[in-house]
Amino acid sequence: AQSVTQLGSHVSVSEGALVLLRCNYSSSVPPYLFWYVQYPNQGLQLLLKYTTGATLVKGINGFEAEFKKSETSFHLTKPSAHMSDAAEYFCAVRGSGGSNYKLTFGKGTLLTVNP
Amino acid sequence: DAGVIQSPRHEVTEMGQEVTLRCKPISGHNSLFWYRQTMMRGLELLIYFNNNVPIDDSGMPEDRFSAKMPNASFSTLKIQPSEPRDSAVYFCASSDPGAQAYEQYFGPGTRLTVT
């Protein structure tokens, strides 16, 4: 069964600083991986996804993530944080076989950006 | 393109009352998901429809919950009778199973408060 662990339920950075949100996954098959962002009182918005091919994936709003099979990681980064990046971020892995419709989500990381 | 549409956005009701949540998926998406989000349990998949047919309802909490999808553009989630512990944000998401990653697109959610 797939699982996702997000290290750090709360990350605080200063505006302009590097953002690093950590995600480790467990999957019995080559994974399809996702990052979603949830702004207050809104639904989840897809930031980026990894399927196959290039391991560095670029998403919206300047975010990117790198798939590292050897480390079973898919960490999310942004070189320079902006106040508007304050939100909750969820990492997810897609199920396999007959459960390939399922997304298993991490518990989320709340990003705070300080002026 | 219009995203996933949910109504109402907020619902406050008294214990014992019937609650109906509505969802319109993205046009052309054949898969539809209902989720519940709470602080304690995070995001939980309640039910999954494919081509209007319920495929996986193992996440439906109990018989008080029911979901229907009478056509490709409309789904309902009903709670009868409602209880205070049903208070949560309920999300609808849709997906195109033909897409490589089968990523899900979420609606804005319905915040349900049962008093």
Side-chain angles (χ1 to χ4, degrees), chain A residues 1-6 8-10 23 25 27 29-55 57-60 65 67 74 87-110, chain B residues 2-10 21 23-26 29-51 53-59 88-113:
Chain A
Q2 280 74 14
S3 67
V4 173
T5 302
Q6 290 185 239
S9 59
H10 188 191
C23 172
Y25 69 91
S27 177
V29 298
Y32 284 16
L33 296 158
F34 308 85
W35 275 100
Y36 284 85
V37 59
Q38 185 177 26
Y39 298 102
N41 300 313
Q42 295 188 27
L44 279 71
Q45 180 182 0
L46 182 65
L47 264 182
L48 50 79
K49 61 186 178 187
Y50 169 77
T51 56
T52 58
T55 57
V57 180
K58 295 186 184 300
I60 62 172
F67 169 62
F74 190 56
E88 190 154 22
Y89 292 79
F90 294 90
C91 182
V93 61
R94 202 186 84 177
S96 61
S99 297
N100 67 347
Y101 58 88
K102 277 190 177 182
L103 288 181
T104 299
F105 288 90
K107 294 189 181 300
T109 298
L110 182 64
Chain B
V4 175
I5 298 172
Q6 290 187 248
S7 65
R9 292 295 312 276
H10 302 273
L21 311 182
C23 174
K24 177 179 170 56
I26 293 171
H29 282 190
N30 296 338
S31 293
L32 184 138
F33 307 80
W34 282 101
Y35 288 88
R36 177 170 67 178
Q37 185 180 41
T38 61
M39 291 290 290
M40 292 296 294
R41 301 172 69 93
L43 269 166
E44 302 174 273
L45 177 64
L46 300 178
I47 189 167
Y48 157 60
F49 289 88
N50 191 44
N51 291 324
V53 176
I55 303 299
D56 182 358
D57 65 355
S58 60
V89 181
Y90 291 82
F91 290 104
C92 177
S94 71
S95 181
D96 173 7
Q100 182 185 17
Y102 208 169
E103 63 267 27
Q104 296 177 23
Y105 295 87
F106 284 73
T110 296
R111 182 173 297 276
L112 173 65
T113 303

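Throughout, a chain's letter reflects where its sequence line sits, starting with A, and its residues are numbered from 1.
- At a 4.5 Å heavy-atom cutoff, the contact between A/Q38 and chain B is made by side-chain atoms alone.
- Of the two parts of B/R41, neither the backbone nor the side chain holds a non-hydrogen atom closer than 4.5 Å to a non-hydrogen atom of chain A.
- Contacts of A/F105 with chain B are made by side-chain atoms alone, with heavy-atom separations under 4.5 Å and no backbone atom involved.
- Between atom OH of residue A/Y36 and atom NZ of residue A/K49 there is a gap of 9.0 Å, rounded to the nearest 0.5 Å.
- For B/Y48, the part lying near chain A is the side chain, with the backbone staying farther off; criterion is any non-hydrogen pair under 4.5 Å.
- At distances below 3.5 Å, not a single donor-acceptor pair connects side-chain atoms of B/Q104 with backbone N or O atoms of B/S31.
- For the pair A/Q6 (side chain) and A/G108 (backbone), a donor-acceptor distance under 3.5 Å is present.
- When heavy atoms are compared at a cutoff of 4.5 Å, B/Q6 does not approach chain A at all.
- For A/L46, the part lying near chain B is the side chain, with the backbone staying farther off; criterion is any non-hydrogen pair under 4.5 Å.
- A donor-acceptor pair under 3.5 Å is absent between the side-chain atoms of B/E44 and the main chain of B/G59, judged by distance alone.
- For the set A/A92, A/S99, A/G43, the entry with the most heavy-atom pairs within less than 4.5 Å of chain B is A/G43.
- Judged by distance alone, the side chain of B/D56 and the main-chain N or O of B/S58 form a donor-acceptor pair under 3.5 Å.
- In this structure, B/S94 contributes its side chain and B/L32 its backbone to no donor-acceptor pair below 3.5 Å.
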